[in-house]
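The next block holds one structure in the form of structure tokens; read it before the comments.
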Number of protein chains: 2
Amino acid sequence: MYVNLREENFMNNIQYTLLGLLAREPLSGYEMKQQINNRIAHFYKINNNQLYPSLSKLEDAGFIELQAIEQDSYRPPRKIYRITTSGIDALKAWVLELPEIGDHDTFLLKQYSAWLVRPDALIGLLEKNKEQHERTLEDYKEKISSFQEKDPDVSDPLFSTISVIEMGIAIEEASIIWCNRMLDVLRRTLANRKET
Amino acid sequence: MYVNLREENFMNNIQYTLLGLLAREPLSGYEMKQQINNRIAHFYKINNNQLYPSLSKLEDAGFIELQAIEQDSYRPPRKIYRITTSGIDALKAWVLELPEIGDHDTFLLKQYSAWLVRPDALIGLLEKNKEQHERTLEDYKEKISSFQEKDPDVSDPLFSTISVIEMGIAIEEASIIWCNRMLDVLRRTLANRKET
DNA sequence: GGAAGCATGTAAAATGTTACATGATTTT
DNA sequence: AAAATCATGTAACATTTTACATGCTTCC
């Protein structure tokens, strides 16, 4: 009557985010939570009920392993995890999958581990992402130009409709500029590598 | 052992979004879903299991009421809802509450109904929102200037750390520019109204 | 003396997603 | 003949949030 189509060991953004932190240095669960919730703050949050079960799943999947248990006598013991080779591989594969259009958070989480993948692969990903933003930007602009009244009164519903779309345009334009800057750096890196 | 601190008739973003649509014109549930999911797309989504129970709750709370049931013989009957006076009041009050820092979606959902509130109140809200973005922008800039290596290799983790923060900076700057444009329009409107 | 920080975890509740159900009409 | 659109709704499942539990130490 009802069939679960989800795979057995389904990985989600939280698990990949934890992998992304451990790809940089071994950490305890508590430290990972601190880094996610306080790193510049207001971007991505995690809580205990997501954190500890996720670590268990990552361990079961063989993507991370316990490196040590630190005990400082006056504080609770800390379980320090490190990433495995297959964990790195899984993380790299995830980074290179293009997120759904408009899924800004997933895109940024992946970018946080972009240093792991080959520059030419990263260029391909960023080009596709840039195209998505360009298409969305065109949609927004068409929508705005479809309104006959260009300068509605502030108490006209159309005023709010337009202002919300204009915010969307501002975000898309900012994203495209960022993509262009990233592509510049990466292409220069590739060119330099070929020279030498 | 466990106490529910949530109030009885707690309203969420979905319910206010529905109110925001009905504040513009009477609609059926099906039409509301279409507008939310297809209006420019990729911004906010809703499904049947959120939609229909939400409409019942809004009706129970007295914020919307059934206007008519349209029957076209060859298609299922449509229940057309309209917003009530207390629904408008609830919506206005929600629009003027400043969202949590970084809650971009809620801010935009509120802006969609900003045409309903007095320009001077809207100016106050936008000023506070702009200050939040300015503070976040400063945090990001400080973070970046705290790194000694300014131009790390693309395969250095710091390269990704910086690029993610730079995306944050781009978004914050775009938001501030948008706020300034909105504030300009609203202040000019207020000045014109006082003149006449 | 109470609050907050450290550190791991679990339980309960709220919210969100996916699938199913109905049935006529229109499109492919 | 199958698939999609219209239109309302419910059931099952997955995810996220909030609260609780423990216990020791340090700060106010």
Side-chain angles (χ1 to χ4, degrees), chain A residues 1-18 26-38 44-59 64 66-81 100 103 105-106 109, chain B residues 1-18 26-38 43-60 64 66-81 100 103 105-106 109:
Chain A
M1 207 178 192
Y2 191 81
V3 190
N4 183 6
L5 299 175
R6 236 50 188 279
E7 282 160 50
E8 277 303 289
N9 270 48
F10 184 75
M11 293 272 290
N12 58 29
N13 279 354
I14 291 164
Q15 278 150 265
Y16 286 115
T17 303
L18 297 175
L27 293 167
S28 72
Y30 190 84
E31 287 173 308
M32 293 181 225
K33 192 186 169 190
Q34 299 297 306
Q35 289 206 14
I36 293 170
N37 290 358
N38 301 336
Y44 197 67
K45 304 271 172 183
I46 195 175
N47 57 53
N48 290 353
N49 203 350
Q50 298 169 297
L51 174 64
Y52 293 107
S54 292
L55 289 176
S56 303
K57 279 179 208 158
L58 287 171
E59 211 180 357
I64 66 173
L66 200 58
Q67 189 187 51
I69 299 185
E70 279 182 13
Q71 177 60 280
D72 265 334
S73 76
Y74 63 94
R75 54 160 80 159
R78 314 160 66 225
K79 295 164 85 173
I80 313 290
Y81 292 94
E100 298 243 317
D103 190 351
D105 281 1
T106 300
L109 291 175
Chain B
M1 207 177 194
Y2 192 80
V3 189
N4 183 6
L5 299 175
R6 236 54 186 278
E7 281 159 51
E8 277 303 290
N9 268 48
F10 184 75
M11 293 273 289
N12 58 28
N13 278 355
I14 292 164
Q15 278 150 267
Y16 285 115
T17 302
L18 298 175
L27 292 166
S28 71
Y30 190 85
E31 286 172 309
M32 294 181 225
K33 191 186 170 189
Q34 299 297 306
Q35 289 205 13
I36 292 171
N37 290 356
N38 300 336
F43 163 47
Y44 198 68
K45 304 272 172 183
I46 195 174
N47 58 52
N48 289 354
N49 202 352
Q50 299 169 297
L51 173 64
Y52 293 106
S54 292
L55 288 176
S56 303
K57 280 178 208 159
L58 287 171
E59 212 179 358
D60 291 348
I64 66 173
L66 200 59
Q67 188 186 52
I69 298 184
E70 279 183 13
Q71 178 60 280
D72 265 333
S73 77
Y74 63 93
R75 54 160 78 160
R78 314 160 66 225
K79 294 164 83 171
I80 313 290
Y81 293 94
E100 298 243 317
D103 191 350
D105 281 0
T106 300
L109 291 175

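Computed from a predicted model, the values in this text were never measured in an experiment. The sequence lines fix the lettering, A, B, ..., with proteins before strands; numbering per chain opens at 1. Every heavy atom of this structure was used, including side-chain atoms; hydrogens, water molecules and symmetry mates were not.
- Other residues, nucleotides and ligands contribute more than 12 heavy atoms inside 6.0 Å of the CD atom of A/Gln71.
- Comparing atom distances between the A/Lys79 side chain and each of C/dT17, C/dG9, D/dT16 picks out C/dG9 as nearest.
- Rounded to 10 degrees, the angle between the two end axes of the helix from C/dG1-D/dC28 to C/dT28-D/dA1 is 30°, with five pairs used at each end.
- B/Asp103 meets the side-chain hydrogen bond (donor to acceptor under 3.5 Å, both in side chains) test with B/Thr106; sequence neighbours excluded.
- Contact annotation for B/Pro53: no contact, since no heavy-atom pair falls under 4.0 Å across all strands.
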Heteroatom pairs (N/O) under 3.5 angstrom, protein to nucleotides 1-6 of chain D:
| unit_1 | atom_1 | unit_2 | atom_2 | d |
| --- | --- | --- | --- | --- |
| D/dC6 | OP2 | B/Tyr30 | OH | 2.8 |

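- Listed by chain and number, the residues in a side-chain hydrogen bond (donor to acceptor under 3.5 Å, both in side chains) with A/Gln67 amount to none (sequence neighbours excluded).
- Counting only heavy atoms from C-beta on, A/Tyr52 has its side chain closest to C/dA7 among D/dG9, C/dA7, C/dT17.
- Residue-level contact check: B/Leu51 touches neither bases nor backbone, having no heavy atom under 4.0 Å from any strand.
- The interatomic distance linking B/Asn13 (CG) with C/dT15 (P) rounds to 11 Å, in whole Å.
- Rounded to an integer number of Å, the gap from A/Ile69 CD1 to C/dC6 C1' is 16 Å.
- Looking at heavy-atom distances under 4.0 Å, B/Asn49 makes contact with a base.
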Between protein and nucleotides 26-28 of chain C, what N or O pairs are separated by less than 3.5 Å?
none

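- Looking at which nucleotide of DNA chain D each of A/Gln50 and B/Tyr81 is closest to, the 5′-most match is held by B/Tyr81.
- Contacts of A/Ile80 with the nucleic acid, taken as non-hydrogen atoms under 4.0 Å apart, are absent.
- Partners of A/Ser54 according to the side-chain contact (heavy atoms from CB on, under 4.5 Å) rule, which considers only residues two or more places apart in sequence or in another chain, are A/Ile14, A/Gln15, A/Leu18.
- A residue-by-residue look at A/Ile46 and B/Pro77 shows that B/Pro77 has its nearest nucleotide of DNA chain D further toward the 5' end.
- In terms of the salt bridge (Lys or Arg N to Asp or Glu O under 4.0 Å) criterion, A/Glu59 has no residue partners (sequence neighbours excluded).
- B/Thr17 pairs by the side-chain contact (heavy atoms from CB on, under 4.5 Å) definition with B/Ile36, B/Tyr44, B/Leu109, not counting sequence neighbours.
- Remark: B/Asn48 pairs with B/Lys33 by the side-chain hydrogen bond (donor to acceptor under 3.5 Å, both in side chains) rule, at least two apart or across chains.
- Residues satisfying the side-chain hydrogen bond (donor to acceptor under 3.5 Å, both in side chains) test with B/Lys79, not counting sequence neighbours, are none.
- Taking the side-chain contact (heavy atoms from CB on, under 4.5 Å) definition, one finds that A/Pro76 meets it with nothing, sequence neighbours left out.
- The line from OG of A/Ser56 to CD1 of A/Ile64 is 8.0 Å long, rounded to the nearest 0.5 Å.
- Residues satisfying the ring-ring contact (aromatic ring centres under 6.0 Å, His included) test with A/Tyr16, not counting sequence neighbours, are A/Trp94.
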